[in-house]
Amino acid sequence: MTSQGKAALVIVDLQNDFCPPNGALAVPSGRDIAPAINKLLALPFALKIATRDFHPRDHVSFASQHAEKQPFTSNHTITNPENSQETQETVLWPDHCVQDTPGCELIPELETSKLHLIVDKGQDKRVESYSAFGPPFRSPRVSMTRLAATLREAGITHVFVCGLAWDFCVKATAIDAAKEGFTTYAIHDACRGIDRSAKGSVATREEMEKHGVRVIGLDSGELD
Ligand code: VGL
Ligand code: ZN
């Protein structure tokens, strides 16, 4: 899978709430990628990690926390609570992946016994964090996850990203992995997007590629 270096597999947010038929924020055909991801879990990655979106009940990304806002409202501005100069443009969502609810658990199809580690994200109720590395703000007290440190401590050089959702958390996680200096791949056919239009999917691909992420398919030689 890499002739030199060490590879990690990062499975993003393959959780009940992101999967049909009953997920609170179901990604169309999100559950269909489970067999492909289980096959990836059988490959000799040095580190196999699953991430979970893991929100408190009153998370800022929930439309329910904002007067008269409907889920899927876009261009909602969140201000960095530690630095009012910094803002993030986000989407308001239905309540999803609330800590200690069944919705936040990994889907039962996923072969979790093959995982080395689960990384939770999105716990800070004040900010959105699509990336499993942490929110876009780099202020003290807006906390990052330990994902970058964990990968470095394990000597990882190559990161392969798959999961849900292609256009949100997969994209943000892959771009941050590339920014952290890892040779980063996004396995497009082991992902599904919230926007399932071809245009949306291509725009996401282009944005990832612009940041140096290599978009590959499951049949790519990079996985041999
Ligand atoms: C995600 C929307 C809100 C994701 C997480 O995992 O892609 N999307 N929270
Ligand atoms: Zn979320």
For His211, the ring pair (Phe, Tyr, Trp, His ring centres under 6.0 Å) test, sequence neighbours excluded, returns none
If the condition is ring pair (Phe, Tyr, Trp, His ring centres under 6.0 Å), which residues does His188 pass it with, not counting sequence neighbours? none
Mind checking salt bridge (charged side-chain N to carboxylate O under 4.0 Å, His left out) for Lys179 and listing every partner two or more places apart, or none if nothing turns up? none
Please enumerate all residues that pass salt bridge (charged side-chain N to carboxylate O under 4.0 Å, His left out) together with Glu89, with sequence neighbours excluded. none
Only counting residues at least two apart or in another chain, list the ones meeting salt bridge (charged side-chain N to carboxylate O under 4.0 Å, His left out) with Asp58. Lys125
Any side chain to side chain donor-acceptor pair (under 3.5 Å) involving residues 160-171? Give me the pairs, sequence neighbours left out, ordered by first then second residue. Lys171-Glu207
ILVMFWY cluster membership beyond Phe137 - transitive side-chain contacts under 4.5 angstrom: Val127, Val142
Contacts of type ring pair (Phe, Tyr, Trp, His ring centres under 6.0 Å), residue Phe168, not counting sequence neighbours: Trp93, Tyr130
Run the salt bridge (charged side-chain N to carboxylate O under 4.0 Å, His left out) test against Asp120 and tell me which residues pass, sequence neighbours left out. Arg52
Can you list the residues that meet the side chain to side chain donor-acceptor pair (under 3.5 Å) rule with Asp176, with sequence neighbours excluded? Ser131
Residue set satisfying ring pair (Phe, Tyr, Trp, His ring centres under 6.0 Å) with Phe62, at least two apart, ordered chain then number -> His55, His59, His96
Strictly by side chain to side chain donor-acceptor pair (under 3.5 Å), give each pair with a member in residues 21-38 just once, sequence neighbours left out. Ser29-Arg192, Arg31-Glu109
